[in-house]
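See below for the structure under consideration.
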Amino acid sequence: MASDNGGVGHHENGDGGNFQDDFAGALMTTEELRQQLNTPQSQQQAPKPLRAEQVLSIRHRMEDVMGQLYSLNPSDDVEADLRKHCHQKASDVALQTLRYVITKEEKDPEETNTELERDCQGAIARIAELNLILHQESKDTVKMIIETYTSYQRKVLRLRSKPSIARLVAFRQQETQIIGEEEDDEESAKTQHSHVITTILAQASALIHPLIMWKSGLPEDLIDLNLLCTESIRILDEQAQTLTKTVAGWCFEDRKLDEWMTKSANETQSPSDTAELDTLVDELAFCCQVFARYIELLDNFSTEATIKDLHPEWTWKYASLERYLTTQQTLLALQMAKPVQIVLGTPIQVPSVVEDAQFLSTRALDRAASTRSTQAIGTVAHSIANDVWSKEITTGVYHALVEQKGCWEEPKLPEPKSPARGTPGAPNSNSFAQALLGALDDDLQANEQSIALSPPRTNRSAVPQPPSSGSFLGTLSSSLGGGERMQQIRLDIYFCALNGMHSASVACSSLVSFLDSLSPTEEDEAEKQVSAMTHLAREELFRYSCDYQHMMRDQSSRVVNEFGGQVSDAPVYKGSHYIPVLRYYLERENYELANAEELQKAEDDARLHNYIVVPFEESRLLKQFNKCDADVLKTICEQIVIVLVDLFLDCIFSQTIPKRFTDWGSLLLSKQVRTIQNYISGLMETTSEHAIPTLPQWERLSQVVTILQLEKPSDWSYYRGSSTLTAEEVERTMRLRVDFSPDVIASVVSTMKS
């Protein structure tokens, strides 16, 4: 503040002037300053307010007085007395100057020039410093100067805070309700309690911070200046905390905070009030951040504990209401769940509840991080993990995906002329049942009442498991049957649910990364205990991410079995499921080929395409892979490969229809496997810009094909190191070759076992 001009000291008379001239000049400059303070304007009954520009001018005139005063170098006692007289006169005028400049007008901070006001405060502080220098011999005067300056600082803070507080007071006196109003415009925002608290603490910080910086650069032997800074900081802090406590009390009263805390404790469900609660939570979070920053600024100076007491209380109430808000908004998202496009213009859909839950979770964590409180972050993170993404809660995302909520939206059809059987509601499970009924034949209308779903449970129960058929729709359709539209509805629901499971897993992973970014590098013991809750929430979210991946794999397997068939299905010559058709072809394939001519005929491209590729191309499931997210498609393809490998091995080692292989036949099997591998890879490449490597699920079948293609059993030793087959499986495979000697096979297997 005042350090920009340095300390005042004695100056040599460098121009060779005599003492009398210097003395006369000092008196004249002092008198000019006194006259500037006693202008006719200042003697009027209602003088114009002192402006910041005038204060800066007076400060410069005061600097001139001090410079000339300390340039006087008396050579005898007479000159010493003259200098003493000049010093006394300058001291009186300086004190008068201080009393004058503290009458400066203080305007609304939002209407003033911040930089000019900062310079003005520095000028007043410099004038106070010069007064301490001039009156350092009089302890009573020094005390009076300090009291004058600290009283001025207190007045400045009150005047700067007054417009904001006055707006809030006027608003509170109105008959309108504060809560729940739209506060988009600037004037409405100024009536928020958080705005007033921010104004008070911001203005206090603007006055305190220069004093802290000034004090930190002062030598310890300048006792009076150190005391001036310390007392000013203390007075400003006390006043700021008193005003803040008052406004905080108004906030609790106006925002009905106690009522919300009671609702939160009782877990009262009121999704319709989330807009009002969201405004309150946002205000609490912002105030917590302001408190934290102010406490950090005055960490070593504040003697008041008001804000230090308010901060943990507000942090706790914020975290409690943030948890309550998140659960209520999640319930609302469940009620409004419907399929939405992941990317506009594409057929890939995901349940809206997953996207909403990720947005709500990210916003809650971001808001918790803004409070600068490790405890708030840990509490909110733990709440999000357990109340939104956990598999144990029945009102969370996991259970919604198990029940396939929001995976189907009833198509908008023209209103029927006759009254509808039921009133369509929100796109939840009941509208889903209505859409399903529309897909059934008219003779199934009598079953309508049995189709209605029970309302969702809201209490915690055992971990829900996905039903074997995928949803209640599977049980219904399997018992009643259904046509093409029924199958299409089922497939669309499956795709949407699988996309939702993948998105939920990715959402949990992104939340884990977000928490990792908030981890402090250095923390004390207390923070370590609090951050342990954050670490626990991180581990829970990571585990839930894996749970969603596992659920996606399980559901993908069910989709593959339902729309592609199972290994246990009976073979058919033609059908919509590719597994029974492939079994029909593989069971009748002859691998005991005698020569190259037979191989050429058997591996004809047109023949292989007709028997192997066409069943896949005619599959309803594989025709609509454009509705899958790329990672979901990869998971489904992995499950298809698992079933295909089991099918091939079952046919190869079948006891009912035994197979025998020649070296030509093994080449045919190898091409058949490659044909299917290329087709599956081609499917996955439709959603990727890069080449797709062969899936690892093919490995067991590939090793069986490799064994069947060996020239002699002993060649297996080259592949033994990377083999996933047991010795018994190797032996069983080698015995399928018509030209392999049993003794040689036994020798190779014996070597493997040793």
Side-chain angles (χ1 to χ4, degrees), residues 1-5 8 30 33-39 41-66 90-109 111-136 138 140-163 200 203-211 214-215 224-225 227-240 243:
M1 280 180 118
S3 60
D4 53 349
N5 282 300
V8 177
T30 304
L33 174 59
R34 187 188 66 79
Q35 291 178 0
Q36 184 177 357
L37 303 179
N38 294 314
T39 57
Q41 173 183 314
S42 64
Q43 295 173 356
Q44 296 175 4
Q45 293 182 352
K48 293 183 179 179
L50 185 63
R51 303 189 310 276
E53 294 83 356
Q54 292 175 286
V55 173
L56 295 177
S57 174
I58 292 173
R59 177 259 177 96
H60 290 304
R61 183 63 63 89
M62 184 76 180
E63 293 283 1
D64 294 339
V65 170
M66 296 298 292
S91 299
D92 295 340
V93 174
L95 197 56
Q96 183 182 358
T97 302
L98 177 62
R99 291 169 178 162
Y100 179 62
V101 295
I102 62 176
T103 63
K104 184 188 78 71
E105 177 187 22
E106 294 294 336
K107 299 181 180 179
D108 189 337
E111 301 175 359
T112 58
N113 186 325
T114 304
E115 185 176 350
L116 180 61
E117 286 298 318
R118 184 175 64 249
D119 294 340
C120 182
Q121 284 296 313
I124 296 175
R126 176 60 174 169
I127 293 173
E129 176 187 8
L130 296 177
N131 271 274
L132 289 176
I133 294 174
L134 290 170
H135 296 278
Q136 56 186 325
S138 175
D140 292 338
T141 306
V142 167
K143 181 179 179 181
M144 184 268 294
I145 293 172
I146 293 176
E147 290 177 352
T148 300
Y149 183 75
T150 54
S151 297
Y152 163 70
Q153 290 289 294
R154 177 179 179 274
K155 183 188 72 171
V156 170
L157 177 58
R158 293 182 66 87
L159 290 175
R160 290 185 178 183
S161 304
K162 183 178 179 179
I200 294 171
Q203 293 304 322
S205 300
L207 295 171
I208 290 173
H209 182 261
L211 292 169
W214 188 15
K215 186 178 186 306
D224 295 339
L225 274 179
L227 182 60
L228 175 72
C229 294
T230 302
E231 283 300 302
S232 299
I233 293 171
R234 182 184 65 82
I235 292 295
L236 288 169
D237 180 43
E238 289 178 356
Q239 189 62 36
L243 294 175

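Please read these numbers as outputs of a predicted model, since none were measured by experiment.
A salt bridge links E117 with K104; the closest basic N to acidic carboxylate O contact falls under 4.0 Å. E238 has no carboxylate O lying under 4.0 Å from a charged side-chain N of R154, or vice versa, which leaves the two without a salt bridge.
D92 has its side chain out of reach of T30: every pair of non-hydrogen atoms, C-beta onward, lies at least 4.5 Å apart. Using a 4.5 Å cut-off on side-chain heavy atoms (C-beta onward), I146 and L227 make contact. For the pair I102/Y149, no side-chain contact is recorded, criterion being any heavy-atom separation below 4.5 Å from C-beta on. Side-chain contact check for V101 versus Y152: every heavy-atom pair is 4.5 Å or farther apart. Between V142 and S138 the shortest side-chain heavy-atom distance does not fall below 4.5 Å.
For L56 against D119, the heavy-atom pair with the smallest separation is CD2-O, 3.6 Å. Between A123 and V55 the shortest heavy-atom distance is CB-CG1, 4.1 Å. What you find for I145 and H135 is that their closest heavy atoms are CD1-CD2, 3.8 Å. When all heavy atoms are compared, the tightest approach of C229 to K215 is CB-CB, 3.9 Å. Considering all non-hydrogen atoms of both residues, S232 and L211 come closest at CB-CD1, 3.6 Å. Of all the heavy atoms in A204 and L157, the pair that sits closest is N-CD1, 3.6 Å.
To the nearest 0.5 Å, atoms CZ (R126) and CD (E129) are separated by 4.5 Å. Atom OG1 of T141 is separated from atom CG of L95 by 7.0 Å, given to the nearest 0.5 angstrom. In this structure, CG in L207 is found 5.5 Å from CG in L236, a value given to the nearest 0.5 Å. Atom OG1 of T114 is separated from atom CZ of R118 by 8.0 Å, given to the nearest 0.5 angstrom. Taken to the nearest 0.5 Å, the OG atom of S151 stands 11.5 Å off from the CE atom of M144. L98 CG to L132 CG: the interatomic distance, rounded to the nearest 0.5 Å, is 9.0 Å.
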Check the pair L134, M66 against side-chain contact (heavy atoms from CB on, under 4.5 Å), reporting the backbone distance first and the verdict last.
CA-CA 9 Å; L134 290 170; M66 296 298 292; 3.6 Å; yes
Check the pair W214 / L228 against side-chain contact (heavy atoms from CB on, under 4.5 Å), numbers first and verdict last.
CA-CA 11 Å; W214 188 15; L228 175 72; 4.1 Å; yes
Step-by-step side-chain contact (heavy atoms from CB on, under 4.5 Å) determination, Q121 to Q153
CA-CA 9 Å; Q121 284 296 313; Q153 290 289 294; 3.0 Å; yes
Step-by-step side-chain contact (heavy atoms from CB on, under 4.5 Å) determination, T97 to L130: CA-CA 11 Å; T97 302; L130 296 177; over 6 Å; no
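Put simply, the side chain of S161 never gets that close to the backbone of R158: no donor and acceptor are under 3.5 Å apart. Remark: the backbone N or O of Y100 is paired with a side-chain donor or acceptor of T103 at under 3.5 angstrom.
Other residues, nucleotides and ligands contribute over 12 non-hydrogen atoms within 6.0 Å of the NZ atom of K155.
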